[in-house]
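Each remark here refers to the structure printed beneath this line.
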Amino acid sequence: MKYYANCPVCAHKLIKGENGTQADIRCARCKNLVHIQIVNDIVTVNLIETKSATTETKEGTVPYRAVFFLCFHKCGNCELHRLI
């Protein structure tokens, strides 16, 4: 079965893959670096590096980095759902 993985920031479609797919992809739309893994019918998307997101502070702008876990598995009992 084929699965799609989208960018967690701008929702741009990044890859079409199947079980065993693992890739680091830079989003063409927002330029963020994303790690994608498809294992046991679970699509995991991790934001590795952001390009344009910044957080305003009193000292100026600070780069904002975050990790997002997206799971499209419908059971609600997988390991990713327990982490969220």
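Start at 1 with the first residue, then count along the sequence.
- Checked against Ile25 for a side chain to side chain contact (heavy atoms under 4.5 Å, CB included), the options Val45, Leu33, Ile36 give a single hit: Ile36.
- Residue Asn6 holds its CG atom at 9.0 Å from NE2 of His12, rounded to the nearest 0.5 Å.
- Nearest heavy-atom pair, Tyr3 versus Glu18, reported as atom, atom and distance to 0.1 Å: CD1-CA, 4.5 Å.
- In summary, the side chains of Asn19 and Asn40 do not present any donor paired with an acceptor at a separation below 3.5 Å, with no hydrogens or angles considered.
- Looking at every heavy atom in both residues, His35 comes nearest to Asp24 through ND1-OD1, 2.5 Å.
- Residues Arg29 and Cys10 approach most closely at NH1-O, 3.3 Å, considering heavy atoms.
- Here the shortest heavy-atom pairing between Ile15 and Ala23 reads CD1-CB, 4.2 Å.
- By the neighbour-count criterion of 12 heavy atoms within 6.0 Å, atom NZ of Lys2 is densely surrounded, having more than that number from other residues, nucleotides or ligands.
- No chain of hydrophobic side-chain contacts below 4.5 Å, direct or via other Ile, Leu, Val, Met, Phe, Trp or Tyr residues, connects Met1 to Val39.
- Contact detail for Arg26 and Lys31: the closest heavy-atom pair is NH1-O, 2.8 Å.
- Counting all heavy atoms, side chain and backbone alike, Pro8 lies closest to Val34 at CD-CG2, 4.0 Å.
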